[in-house]
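The next block holds one structure in the form of structure tokens; read it before the comments.
So that the names make sense, note that chain A is the first sequence line, chain B the second, and so on, each numbered from 1.
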Amino acid sequence: MFLILRRGFATNSSLLCSSEKIVAPPPSKMKINKSKVPKIREKDLEEKYITGWGPGGQAVNKTLNAVYLRHVPSGVWIKCHESRSLDRNRKTARKMLIEKLDLKINGEDSVQRQEERLASHKKNLKREKTRLKYEERRKEKENQSETDQENSSNKEDNLEYIPEDN
Amino acid sequence: MALHLSRAVRRVAHFSGISGSRCFAAVASFSVNNNLLKTLFYNQRHENSDTVFFYTTKRNFSVLTNKKNVPRKYCRGFSSPATGIDTNSNVQCVLEAVHKILEDAEIPEAETCSRYLVSQVLGSTKQFAYKEHLQQKLDNAQVEELNRLVACRLARMPVQYLAGNWDFREITLQVRPPVFIPRPETEQLVDIVLDHLPSKTSQRLLEVGPGTGNICLSLLHENPDIQVTALERSKMAADLTKENAKHLNLDQRLEVIEIKVEANTTLPPNSDQTPQPVQYDALVSNPPYVLRKDLISLAPEIYVYEDLRALDGGAEGLDVILNILRLALKYVKPDGLIFLEVDPCHPHILPLHLEKQALPFKIDKVLKDFQDKERFLILSRSS
């Protein structure tokens, strides 16, 4: 059985034969290209906490720790209140802002999309591997049942043959 | 002293119309310089309830109630106000009810607080965890716990003490009264220290006043090459620091010594009994730095529930800071740095005091906090 693999053919695993290999690097060799990730400057950022901190420091005890961070040139903004630590939220907000900016500016080349593609590629390869494994098992079973049938039909002959005692 | 405090209780009972034996006033006391004992008390009366909520230190509780061997709990003797929260309302309604109760009582941060409390009874420390359970109904235990928390909050107990734990940078610390609750500004102090320590070399740090252990434990957690010796005058705080260190598996690199830092403090000899004083590579502290005049205008959450000895810095807020510098002269290496969190006026008034007291230190850097206030000092030896 031969299958002509057309160039640019989508990796639709159901149409691939085991003798044809996918010409793509293995996931372990695929690197995420982070060179295009935008860098942000602190002075371009506007950070807001809730007002009313008063003198601050030891004299104040506030639980407000939500961070609202805006990148002024692009208008992208993030709100972060994942942790009860203000410092942690500020750092997480900056990471989230860079990811959001990366997605907005670089689109398909952004780190997020690259990671999604890598994950989907890994998933496809795994699916293909599983499919091939079951194919082989199915073939083995077929062969096995064929041999079984032959054996059993031989047995029946034996059964039928009853040497007569003379 | 016993007479003084019981007079305070009687006065509160008189004004609130509640019989003295059932009225417990929340009392915070601190002694300053010349052993002046100042008593502040707080009383919150709820409708439909006879007993007021209180918190006090174990010692004061014994004095107030004439009871001995009191177990140390931070919330005792209250009856819930009528909150209207029951097992028939769903989380959405409960949240709105709590918010209304707190707002009507003019409790600050009512919205944030109600979210934290409802999420807490649902078993989470995250503020918005309640959103996943909006249509759920609370069970009896949860309703009882929530009523208790609301009663405590109405008596102005800080949310952090109600939760029992709070996040500080990457770690979560157990917190309990009266140990000083870590403030968000101090999180930046840890960054400053980490930035100035040489990397990949083992360093010995000295910390004065760890409190819950937020600074030393963050440093230990984020830098595996350092060891810290922490000096703490309050047994309650020292115990809590040790407890937090154990929880975070950092107790191997932390030594906590219960000692008050004064003008002529001498540290006990090393654990290996070497007689020479250990030379530390750096000193870090968030010392009590609030000026006496600002101490009066503190919120009840602070002056009732937190140990004011962790805040009171004397007339100019510099008393403890100057003692720390005297300690640094003896125990920190000549090229070692001193990292302090201070009041915004200190960068301007400290140099004069250093000169007057003949302390050979100079301010290398003044750094601002997230509110753009001059909050952090880095000092080094001047000669």
Side-chain angles (χ1 to χ4, degrees), chain A residues 34 37-101 103 111-112 115, chain B residues 108-109 111-113 115-116 125-128 158-163 165-173 180-191 214 218 286-291 294-295 297-299 301-302 305-306 310-313 317 341-344 369-373 375:
Chain A
K34 296 194 177 169
V37 173
K39 298 212 177 6
I40 51 175
R41 297 182 302 182
E42 270 301 318
K43 52 181 176 168
D44 288 337
L45 296 177
E46 187 192 313
E47 205 168 9
K48 268 194 217 158
Y49 313 99
I50 318 299
T51 50
W53 218 278
Q58 291 173 351
V60 164
N61 179 18
K62 296 231 178 268
T63 56
L64 302 167
N65 46 38
V67 171
Y68 172 89
L69 190 64
R70 192 166 78 98
H71 185 239
V72 179
S74 63
V76 171
W77 62 271
I78 286 285
K79 187 164 183 200
C80 179
H81 45 64
E82 279 177 19
S83 164
R84 293 177 294 181
S85 155
L86 180 65
D87 188 73
R88 192 90 189 267
N89 285 341
R90 292 179 75 200
K91 290 175 175 156
T92 310
R94 276 156 179 76
K95 274 196 209 137
M96 285 162 71
L97 186 73
I98 291 177
E99 279 169 22
K100 200 167 173 183
L101 213 55
L103 197 59
V111 168
Q112 190 180 325
E115 282 172 353
Chain B
E109 303 182 313
E111 200 175 347
T112 312
C113 175
R115 290 193 203 123
Y116 272 123
T125 58
K126 294 203 186 297
Q127 196 187 146
F128 293 93
V159 176
Q160 293 95 332
Y161 286 152
L162 292 172
N165 57 72
W166 208 254
D167 301 335
F168 185 84
R169 293 175 68 88
E170 294 174 22
I171 57 178
T172 301
L173 297 160
F180 184 75
I181 297 168
R183 306 297 200 244
E185 283 88 347
T186 316
E187 295 177 323
Q188 284 175 264
L189 181 62
V190 176
D191 263 328
N214 53 330
S218 282
N286 176 22
Y289 60 69
V290 178
L291 282 71
D294 297 329
L295 220 51
S297 45
L298 295 176
E301 280 84 358
I302 302 175
Y305 296 98
E306 290 188 287
L311 287 123
D312 182 24
E341 182 183 322
V342 297
D343 185 273
D369 64 20
F370 60 82
Q371 294 276 291
D372 225 27
K373 299 205 163 103
R375 185 62 64 188

Next item on the list: Go through the structure and list residues passing salt bridge (charged side-chain N to carboxylate O under 4.0 Å, His left out) with Asp191(B), not counting sequence neighbours.
Entry: Lys91(A), Arg169(B)
Check: Tell me, side chain or backbone of Leu311(B) under 4.5 Å from chain A's heavy atoms, or both, or neither?
Finding: both
Next item on the list: Side chain from CB out, backbone as N, CA, C, O: work out which of these in Tyr289(B) comes under 4.5 Å of a heavy atom of chain A, or both, or neither.
Entry: both
Next item on the list: First locate atom CG of Asp87(A), then atom OG1 of Thr186(B), and finally report the distance between them rounded to the nearest 0.5 Å.
Entry: 10.5 Å
Check: Quick one: NE2 on His81(A) to NZ on Lys126(B), what's the gap to the nearest 0.5 Å?
Finding: 10.5 Å
Notebook entry, point to check: For Glu47(A), is it the side chain, the backbone, both or neither that has a heavy atom under 4.5 Å from a heavy atom of chain B?
Noted result: neither
Next item on the list: Just give me the residue among Thr112(B), Thr125(B), Val290(B) that pairs up with chain A most often, heavy atom to heavy atom, under 4.5 Å.
Entry: Thr125(B)
Notebook entry, point to check: chain A: which of Val342(B), Asn165(B), Thr172(B) shares the most heavy-atom pairs with it under 4.5 Å?
Noted result: Asn165(B)
Notebook entry, point to check: What are the two closest heavy atoms between Ala163(B) and Arg84(A), and how far apart are they?
Noted result: CB-NH1, 4.1 Å
Note to self: Which heavy atom of Asp167(B) sits nearest to which heavy atom of Ser83(A), and what is that distance?
What the structure shows: OD2-OG, 3.6 Å
Margin query: Pair Gln160(B), Asn61(A) - check side-chain hydrogen bond (donor to acceptor under 3.5 Å, both in side chains), show working.
Written below: CA-CA 9 Å; Gln160(B) 293 95 332; Asn61(A) 179 18; 2.8 Å; yes
Next item on the list: Please determine which of Leu86(A), Thr63(A), Asn65(A) meets the side-chain contact (heavy atoms from CB on, under 4.5 Å) test together with Pro184(B).
Entry: Leu86(A)
Item checked: Chi angles and distances behind the side chain to side chain contact (heavy atoms under 4.5 Å, CB included) call for Arg90(A), Gln188(B) -> CA-CA 11 Å; Arg90(A) 292 179 75 200; Gln188(B) 284 175 264; 4.2 Å; yes
Margin query: Hydrogens and angles aside, do Asn286(B) and Gln58(A) bring a side-chain donor and acceptor to less than 3.5 Å of each other?
Written below: yes
